[in-house]
Amino acid sequence: MAGLRWIWIVLDSCGIGAAPDADRYGDEAANTLGHIAQAVGGLRVPHLERLGLGCLVDLGHPADQEVVGCYGKMRERSVGKDTTNGHWEFVGVVLDRPLPVYPHGFPREIIDPFEQAIGRKILGNRPASGTEILKELGEEHVRTGRPIVYTSGDSVFQIAAHEEVIPPEELYHMCEVARGLLQGEHGVGRVIARPFVGQNGRYVRTDRRRDYSLRFGRTVLDELHDAGWPVVGIGKIHDIYGGAGIGEAVHTEDNMDGVDRIVQWGRRLDQGLIYGNLVDFDSLYGHRNDPIGFARAVEAFDRRMPEILDALRYDDVLIITADHGCDPTTPGTDHTREWVPLLVWGPRLKTGVDLGARDTFADIGATLAEAFGVPAPQVGMSFWKEVRG
């Protein structure tokens, strides 16, 4: 169908309450958006409310917006609660085995060949907050030139390096080396480059982050791309899928830059998929246990919503969702296993449709496939007929 175009935005970590199996992850009390709303005495997001967000989670004030979107919530079928699991399930790949995690650091069978390949010894090799480990090891890294390797509760191998000590291009090469080693039983979901700048006590991570993801098979994105539909990945989308199925990669500096890019592509792309991830909610606020900052960031996104809506054409579809939670009010700094919102709107779509509780994130991929006329994934149930006007 010529001219068909979707804008799909993932509000990273914006979960809406403990999933049915949250107890398996110690997340029974999690409710990211609900708790940040409580922290600020009510979340003011009128545009997201109009799409139906207030029907899914208590925003801390009486509903005062007419709902014009279609709305529902989705539970994750994949094992785990990482970015990798959530995004791959969106497009039809359910991970039924947990990705490896390393609560005691990585074994010598990984670290020894890694050090040999990069020609440097490492620092760290333990789970840590990305900001805290810079405070602990940043000065030693600058003095010795040894990269900082660390992990978290997620399946990640992260490498931090000061840009004046190890330039980003060299850091990216180190990540490629690590990605080559971390296969099979040690196949972590992502290897992440974490460049930083600044002086001791004032180190700041930069926007030159890169993710190197494991691939898990063919997805709806591949089907779209191979059928000739343009697919634009904004933010870390390209990295999450290892570039598979992404025709144009657009890296961003922060949430507001991400919105800028989404709007720009919304004005220039004639057809296809614009698929963006806004990561600040997760990286700057969820993992740092900052509910007030998290709430203000969600409100800041909502204030930009009119620009996104103005970029939509008559036949366009807008989808807003999340990939997991990261409740900043619960103990720890890891992601939380939560339901995620499903908000769907388009000028030609039905209004006020309750899409219910969906059994898998892959319902989005199934809907994309039906709408664009490409082969559907093996999992997921399309809601296209439910929302079409």
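Below, each value reflects all heavy atoms present in this structure, side chains not excepted, and no hydrogens, waters or symmetry copies.
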A.B. asks: Quick test of your reading of the model: are E386 and K350 salt-bridged, counting only N-O distances below 4.0 Å?
C.D. replies: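 Not counted as a salt bridge, because no side-chain N and carboxylate O are separated by less than 4.0 Å.
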
A.B. asks: Do the side chains of I364 and I9 join up, straight or via other hydrophobic residues, at under 4.5 Å, putting them in one cluster?
C.D. replies: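 No.
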
A.B. asks: Are the charged groups of R337 and D27 less than 4.0 angstrom apart, N to O?
C.D. replies: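 Answer for the salt bridge query: no.
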
A.B. asks: Minimum heavy-atom separation for L4 to D315, with atom names?
C.D. replies: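 Taking L4 first and D315 second, the nearest heavy atoms are CD1-O, 4.5 Å.
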
A.B. asks: Check the surroundings of atom CD in E109: do more than 12 heavy atoms from other residues, nucleotides or ligands lie under 6.0 Å from it?
C.D. replies: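 Atom CD in E109 is packed in, count exceeds 12.
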
A.B. asks: Let me know which of V79, V188, T84 forms a side chain to side chain contact (heavy atoms under 4.5 Å, CB included) with L99.
C.D. replies: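 It is T84, the one option of V79, V188, T84 that forms the side chain to side chain contact (heavy atoms under 4.5 Å, CB included) with L99.
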
A.B. asks: Taking R5 first and then D270, would you say they form a salt bridge - that is, a charged N and a carboxylate O separated by under 4.0 Å?
C.D. replies: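 Result for this pair is no, no salt bridge flagged.
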
A.B. asks: Under a 3.5 Å threshold, yes or no: a donor from one side chain and an acceptor from the other, between E76 and S78?
C.D. replies: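 Their side chains do not contain a donor-acceptor pair, so the 3.5 Å distance test is not met.
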
A.B. asks: Side chains of D154 and H335: is there a donor and an acceptor less than 3.5 Å apart?
C.D. replies: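 There is such a pair (donor and acceptor under 3.5 Å, judged by atom type) between the side chains of D154 and H335.
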
A.B. asks: Are the charged groups of D82 and R190 less than 4.0 angstrom apart, N to O?
C.D. replies: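 Yes, D82 and R190 are salt-bridged.
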
A.B. asks: Please report the closest heavy-atom contact between D222 and G245, naming both atoms and the distance.
C.D. replies: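 Heavy atoms of D222 and G245 come nearest at OD1-N, 3.3 Å.
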
A.B. asks: Indicate the ring-plane relationship of F196 and H141, choosing parallel, tilted or perpendicular according to the 30° and 60° boundaries.
C.D. replies: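 The rings of F196 and H141 sit tilted, inter-plane angle from 30° to 60°.
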
A.B. asks: Would R209 and D207 pass as an ion pair if we require N to O under 4.0 Å?
C.D. replies: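 Salt bridge between R209 and D207, a charged N being under 4.0 Å from a carboxylate O: no.
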
A.B. asks: When you look at CD of E139, are more than 12 heavy atoms from neighbouring residues, nucleotides or ligands closer to it than 6.0 Å?
C.D. replies: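 No, the 6.0 Å shell around CD holds no more than 12 heavy atoms from other groups.
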
A.B. asks: Are more than 12 heavy atoms, taken from residues, nucleotides or ligands other than Q183, located less than 6.0 Å from that residue's CD atom?
C.D. replies: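 Counting other residues, nucleotides and ligands, CD of Q183 exceeds 12 neighbours.
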
A.B. asks: How are the rings of Y102 and H186 set relative to one another: parallel (under 30°), tilted (30 to 60°) or perpendicular (over 60°)?
C.D. replies: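 Because their plane-to-plane angle lies in the 30° to 60° range, the rings of Y102 and H186 count as tilted.
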
A.B. asks: Please verify the inter-ring angle class for W88 with F216; under 30° counts as parallel, over 60° as perpendicular, anything in between as tilted.
C.D. replies: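 It falls in the perpendicular class, over 60°.
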
A.B. asks: Which atoms form the tightest heavy-atom contact between C14 and P341, and what is the distance?
C.D. replies: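 In this case the closest contact between C14 and P341 is O-CD, 3.3 Å.
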
A.B. asks: Any Lys/Arg nitrogen of K121 or E115 sitting under 4.0 Å from an Asp/Glu carboxylate oxygen of the other?
C.D. replies: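 Counted as a salt bridge, because a side-chain N and a carboxylate O are separated by less than 4.0 Å.
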
A.B. asks: Any idea how Y172 and Y212 line up, ring-wise: parallel (<30°), tilted (30 to 60°), or perpendicular (>60°)?
C.D. replies: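 Aromatic pair Y172/Y212 classed tilted.
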
A.B. asks: Would you indicate whether Q199, at its atom CD, is surrounded by more than 12 heavy atoms from other residues, nucleotides or ligands within a distance under 6.0 Å?
C.D. replies: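 Counting other residues, nucleotides and ligands, CD of Q199 stays at 12 neighbours or fewer.
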
A.B. asks: Are side-chain N/O atoms of H251 and D239 paired as donor and acceptor at under 3.5 Å?
C.D. replies: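 Yes, a side-chain donor-acceptor pair sits under 3.5 Å.
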
A.B. asks: Ignoring hydrogens and geometry beyond distance, is a side-chain donor-acceptor pair present between T329 and D327 at under 3.5 Å?
C.D. replies: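 Looking only at side-chain atoms, D327 and T329 do form a donor-acceptor pair, the distance falling under 3.5 Å.
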
A.B. asks: Regarding T32 and E338, is there a side-chain donor-to-acceptor distance under 3.5 Å anywhere?
C.D. replies: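 Note: T32 and E338 side chains meet the donor-acceptor criterion.
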
A.B. asks: Report the relative orientation of the aromatic rings in F90 and F361; use parallel for angles under 30°, tilted for 30 to 60°, perpendicular for over 60°.
C.D. replies: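 Geometry flag for F361 against F90: parallel rings.
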
A.B. asks: Please determine if K236 and D282 form a salt bridge, counting it only when a charged side-chain N lies under 4.0 Å from a carboxylate O.
C.D. replies: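 Between D282 and K236 there is no salt bridge, as every charged N stays at least 4.0 Å from the carboxylate O atoms.
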
A.B. asks: Would you call the rings of Y275 and Y241 parallel, tilted or perpendicular if under 30° counts as parallel and over 60° as perpendicular?
C.D. replies: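 Correct class here is tilted.
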
A.B. asks: Do Y150 and F157 have ring centroids that are under 6.0 Å from one another?
C.D. replies: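 Ring-ring flag for F157/Y150: false, centres at least 6.0 Å apart.
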
A.B. asks: For E299 and R296, work out which heavy atoms get closest and say how close.
C.D. replies: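 Closest approach of E299 to R296: OE1-NH1, 3.0 Å.
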
A.B. asks: Are a donor atom and an acceptor atom from the side chains of Q158 and R194 found within less than 3.5 Å of each other?
C.D. replies: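 There is such a pair (donor and acceptor under 3.5 Å, judged by atom type) between the side chains of Q158 and R194.
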
